[in-house]
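All remarks here apply to the structure that follows.
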Amino acid sequence: MRDGEQAHHPARERRRDPGSPAVVRWLWAGAGALVLAGGTAYFLLPLEGLAADRPWLGWPLFVLCLGLVAALLLRQVRDIVLERPHTRSGLVISLLMCLAVLVFSSGYYALAQQPGQFTGLRTRVDALYFTVVTLATVGYGDITPSGQEARVVAVVQILYAFVFLTAAATALTRHLYTVVAERDRRPPPS
């Protein structure tokens, strides 16, 4: 072999192909593990005293988490708009949307520990349920924010969903449409 030349290793190239079924399966397995880890953390983290006992920690942590998720979502939206190759935006956007739900659920649960903030919200499952119901704009009325802080967080969630989650979902739809259109344009395998 001459200087600067590299041996051709098709097996190595095939392994690194980001579109290969093995890589895609590995990514989805990793994503599932992350969702499971996030859900487990949500149910195990000590959130009880964040709103009442330690507001100096709870509120900045809540804002930091939402800001981080928003920044990461916007980065994924940018990658889709700029049509960057080999991005896994669909996977990352889905994970970030789940993370946003868990952040709001954590905030609601921590707030519910303060008397007068919520009517009907007692458990972490209640907080998760309320977050999803609010996100879906269903509003059954069985859990209601009655305190001013809880109402502010509910309004923030609605605005957050309107701006960040809608942009992410729109970009994700665009990405999936592009992927399907590219597959339809490819010649059938021989």
Side-chain angles (χ1 to χ4, degrees), residues 18-19 23-42 45 47 50-51 58-111 118 121 124-140 143-145 148-185:
V23 171
V24 171
R25 278 192 302 275
W26 182 82
L27 287 170
W28 278 107
L34 283 173
V35 169
L36 185 62
T40 302
Y42 169 72
L45 286 174
L47 302 171
L50 284 179
W59 285 112
L61 188 60
F62 179 71
V63 170
L64 177 70
C65 288
L66 286 182
L68 182 62
V69 171
L72 292 171
L73 279 169
L74 290 176
R75 182 176 178 196
Q76 295 303 310
V77 169
R78 179 201 66 194
D79 288 350
I80 290 172
V81 169
L82 296 177
E83 297 177 0
R84 296 214 168 144
H86 304 299
T87 59
R88 293 285 173 206
S89 297
L91 184 64
V92 176
I93 286 175
S94 300
L95 288 171
L96 290 170
M97 291 174 109
C98 290
L99 186 58
V101 167
L102 291 176
V103 169
F104 276 106
S105 296
S106 299
Y108 289 135
Y109 180 72
L111 271 175
F118 276 97
L121 197 154
R124 291 175 197 242
V125 173
D126 290 343
L128 187 59
Y129 163 79
F130 178 74
T131 303
V132 172
V133 166
T134 302
L135 182 63
T137 67
V138 176
Y140 293 124
I143 298 175
T144 55
Q148 295 304 301
E149 289 176 76
R151 289 177 178 178
V152 166
V153 174
V155 168
V156 167
Q157 182 191 350
I158 292 165
L159 294 174
Y160 191 92
F162 183 71
V163 173
F164 297 108
L165 299 183
T166 301
T170 302
L172 179 58
T173 303
R174 177 180 175 183
H175 175 69
L176 293 175
Y177 177 78
T178 303
V179 168
V180 169
E182 285 177 13
R183 285 187 184 159
D184 288 347
R185 278 185 257 143

Listing request: all salt bridge (charged side-chain N to carboxylate O under 4.0 Å, His left out) pairs with a residue in residues 157-169, at least two apart in sequence or in separate chains. none
Can you pull the salt bridge (charged side-chain N to carboxylate O under 4.0 Å, His left out) pairs that have at least one residue in residues 158-181, sequence neighbours excluded? Glu83-Arg174
For [X], which residues count as a side-chain contact (heavy atoms from CB on, under 4.5 Å) partner, sequence neighbours excluded?
X	result
Val101	Ser105, Leu128, Thr131, Val132, Leu135
Tyr177	none
Val180	Asp184
Val152	Val156

Just how far is it from atom [atom1] of [X] to atom [atom2] of [Y], taken to the nearest 0.5 Å?
X	Y	atom1	atom2	result
Gln157	Leu66	CD	CG	9.5 Å
Gln148	Leu111	CD	CG	12.0 Å
Leu99	Leu68	CG	CG	8.0 Å

[X] and [Y]: which non-hydrogen atoms are nearest, and at how many Å?
X	Y	result
Leu73	Ala168	CD2-CB, 3.6 Å
Ala100	Leu165	CB-CD2, 4.3 Å
Val77	Ala171	CG2-CB, 3.9 Å
Met97	Ala169	CE-CB, 4.0 Å

Could you tell me which residues satisfy side-chain hydrogen bond (donor to acceptor under 3.5 Å, both in side chains) with [X], sequence neighbours excluded, listed by chain and number?
X	value
Tyr160	none
Ser94	none
Ser106	none

With a 4.5 Å cut-off on side-chain heavy atoms, are Leu72 and Phe164 touching? no
Does some side-chain heavy atom of Phe104 sit less than 4.5 Å from a side-chain heavy atom of Thr134? no
Can a donor-acceptor pair be found, under 3.5 Å and without considering hydrogens, that links the side chain of Tyr109 to the backbone of Tyr42? no
Please say which of Leu172, Leu95, Ile93 ends up in a side chain to side chain contact (heavy atoms under 4.5 Å, CB included) with Gln76. Ile93
Quick one: ring-ring contact (aromatic ring centres under 6.0 Å, His included) partners of Phe130, sequence neighbours excluded? Tyr108, Phe118
Within a radius of less than 6.0 Å around CZ of Arg75, do more than 12 heavy atoms belonging to other residues, nucleotides or ligands occur? no
